[in-house]
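Report on one structure; see the data block that follows.
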Number of protein chains: 2
Amino acid sequence: MEPSTREKLLEVAEARFAQRGFAGVGMREVALAAGLGKSSLFHHFPSKAELYVAVLERVIARIEAHLLPALARPGDATAQIERTVDALIDALAEHPSTARLLLRSLVEDDAFAAGEPPELAAVEARLAALVGRFTALLGAPDAVQTLIGATVYHFASGEFGEAVLGGPLFSAEAVARRKREVKALLLHGLAAPASAPKENAPS
Amino acid sequence: MEPSTREKLLEVAEARFAQRGFAGVGMREVALAAGLGKSSLFHHFPSKAELYVAVLERVIARIEAHLLPALARPGDATAQIERTVDALIDALAEHPSTARLLLRSLVEDDAFAAGEPPELAAVEARLAALVGRFTALLGAPDAVQTLIGATVYHFASGEFGEAVLGGPLFSAEAVARRKREVKALLLHGLAAPASAPKENAPS
DNA sequence: GTCTATACTACGATAGAC
DNA sequence: GTCTATCGTAGTATAGAC
């Protein structure tokens with residue numbers, strides 16, 4: 001079964017937005033790349049902002065599909081952290097646009113000059129909910145920032161990241177290596193020395 | 001001594017580019033914010049791309065001013081890592097636009113549709129040189145990616161990062177905390193377990 | 001649901017007066 | 001060195017035929 005026109009438009013728009021950001025992509029470009037005329041795109045999405053939010057909804061849904069099951073399963077803190085980090089990295093590695101769009105949405109929050117679409121608030125709320133789960137799991141908010149940097153930034157880093165690594169970002173071997181690295185980081189590096197003294201740290 | 005017109009333009013452009021990216025900022029907007037007409041801006045910078053690169057040059061120079069002295073001083077690996085991480089974080093914390101522009105330059109490498117200005121290659125070379133120094137210092141390329149995520153992403157994360165932390169990113173206390181966190185991470189977390197074991201390309 | 005045609009605005013960039 | 005005026009293009013968005 002071939003994808004619907006709407007799905008194809010979302011696919012094309014996601015790749016473009018991930019590569020050049022909200023302001024850097026034109027509706028004409030998206031429509032033509034999907035094999036439509038510019039005006040037909042406005043039939044499916046009433047504005048550029050709504051197209052962008054629809055793309056973001058797909059991204060957050062993809063991440064939730066990996067993370068929510070991992071977060072739901074019981075276990076001690078260590079096992080949950082390992083499972084959740086694996087799930088997060090699987091989610092980011094699944095599609096090369098995911099991490100980029102996520103990173104952009106964190107940094108380009110004011111991309112809409114005026115009148116954000118109402119669905120955007122819902123996407124942000126779902127994202128904040130996931131962050132809350134991570135904060136509860138890791139204890140320290142600083143560790144959440146580090147985790148995001150070690151995962152979302154990493155898989156969003158594109159050509160630059162590949163130049164740093166001297167190899168691909170999304171190969172199975174590179175993804176497995178990043179899982180090991182991040183888990184070792186959180187379990188043996190962060191937990192003890194840097195975060196505990198100031199606030200209450202769960203043990 | 002008041003700043004020259006060129007300096008004021010660079011200041012204004014830096015803030016705007018950091019907030020909304022290359023494509024999201026218009027020349028008219030920059031000029032008016034600096035108290036000039038749009039055409040006067042083209043007298044100082046012959047194109048938007050050259051304005052952007054001039055902004056990036058300031059950013060990389062600022063980072064080099066902190067990092068190169070720290071890298072030049074002798075000492076054992078641990079002391080050098082501590083010194084260099086402190087210098088990197090000082091550089092990123094000095095000006096709230098620095099990390100954002102740096103992160104954008106990593107992710108928006110293809111923002112120029114056609115004909116990049118030649119100065120851009122020089123900026124990228126200086127950035128790559130710094131990355132090379134870090135790779136030599138830390139040993140593992142993966143650790144460099146993690147370090148960038150833990151520092152550049154962190155100070156670029158803006159409102160989202162402040163929501164995660166539940167407090168400011170750039171306060172003296174938050175900056176000092178990040179220094180402790182990143183150093184503990186690299187010295188006690190990463191170095192031993194995750195990077196060394198074996199393997200390069202399984203092919 | 002897709003098309004052509006169009007409205008209106010903003011874009012980057014240039015020319016030339018002062 | 002700054003200005004006004006203008007060029008050509010592309011931006012989002014709408015109207016209406018088919």
Side-chain angles (χ1 to χ4, degrees), chain A residues 1-56 104 108 110-120, chain B residues 1-56 104-105 108-120:
Chain A
M1 169 176 150
E2 53 196 75
S4 70
T5 304
R6 182 188 164 92
E7 278 165 350
K8 182 158 197 171
L9 283 169
L10 285 170
E11 205 79 28
V12 167
E14 175 173 338
R16 297 297 200 280
F17 282 138
Q19 211 173 6
R20 292 201 293 282
F22 178 77
V25 178
M27 294 294 267
R28 171 196 156 108
E29 173 190 354
V30 172
L32 292 186
L36 265 69
K38 179 178 58 166
S39 296
S40 305
L41 174 50
F42 281 91
H43 173 79
H44 295 272
F45 300 94
S47 76
K48 185 185 180 182
E50 300 214 33
L51 170 62
Y52 187 70
V53 172
V55 168
L56 284 189
R104 282 195 191 279
E108 289 182 22
D110 59 333
F112 311 102
E116 320 189 332
E119 298 92 336
L120 180 62
Chain B
M1 163 171 119
E2 54 196 73
S4 71
T5 304
R6 182 188 165 93
E7 279 165 350
K8 182 158 194 170
L9 284 168
L10 286 170
E11 204 81 26
V12 167
E14 175 172 339
R16 296 297 201 280
F17 282 138
Q19 210 173 7
R20 291 201 295 283
F22 179 77
V25 178
M27 294 295 267
R28 171 195 155 109
E29 172 190 354
V30 172
L32 292 186
L36 266 70
K38 180 176 62 163
S39 296
S40 305
L41 174 50
F42 280 91
H43 173 79
H44 295 272
F45 300 94
S47 76
K48 185 184 182 183
E50 299 215 33
L51 170 62
Y52 187 69
V53 172
V55 168
L56 284 188
R104 282 196 191 279
S105 80
E108 289 182 22
D109 40 16
D110 60 332
F112 311 101
E116 319 188 332
E119 299 92 336
L120 180 63

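The sequence lines fix the lettering, A, B, ..., with proteins before strands; numbering per chain opens at 1.
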Exercise. Quick one: B/R20 CZ to C/dC11 C1', roughly how many Å, whole number?
Worked result: 14 Å

Problem set entry | Rounded interatomic separation in angstrom, taking CD from B/E50 and C1' from C/dG12 | 13 Å

Seminar exercise, completed: B/E29 atom CD is separated from C/dA10 atom C1', nearest whole Å, by 12 Å

Seminar exercise, completed: The correct set of residues in residues 36-45 of chain A placing a heavy atom under 4.0 Å from DNA chain C is A/L36, A/G37, A/S39, A/S40, A/H43, A/H44

Exercise. What are the two closest non-hydrogen atoms of B/A54 and B/R6, and how far apart are they?
Worked result: CB-NH2, 4.5 Å

Problem set entry | Heavy-atom side-chain contact between A/V30 and A/L36 under 4.5 Å | no

Exercise. Are the side chain of B/E14 and the backbone N or O of B/E11 linked by a donor-acceptor pair below 3.5 Å?
Worked result: no

Problem set entry | Shortest non-hydrogen contact between B/V53 and B/L120, atoms and distance | CG1-N, 3.9 Å

For this session: Starting at atom CZ of B/R6, determine the distance to atom P of D/dT2, rounded to an integer number of angstrom.
Result: 13 Å

Exercise. Is B/V25 touching bases, backbone alone, or none of the nucleic acid, heavy atoms closer than 4.0 Å?
Worked result: sugar-phosphate

Problem set entry | For atom CZ of B/R28 and atom C1' of D/dC3, their distance in whole Å | 15 Å

For this session: Round to the nearest Å and state the distance from B/E7 atom CD to D/dG1 atom C1'.
Result: 17 Å

Exercise. Do you know the tightest heavy-atom contact between B/A31 and B/K38?
Worked result: CB-CA, 3.7 Å

For this session: Can you see which heavy atom on A/E108 is nearest to which on A/Y52, and at what distance?
Result: OE1-OH, 4.4 Å

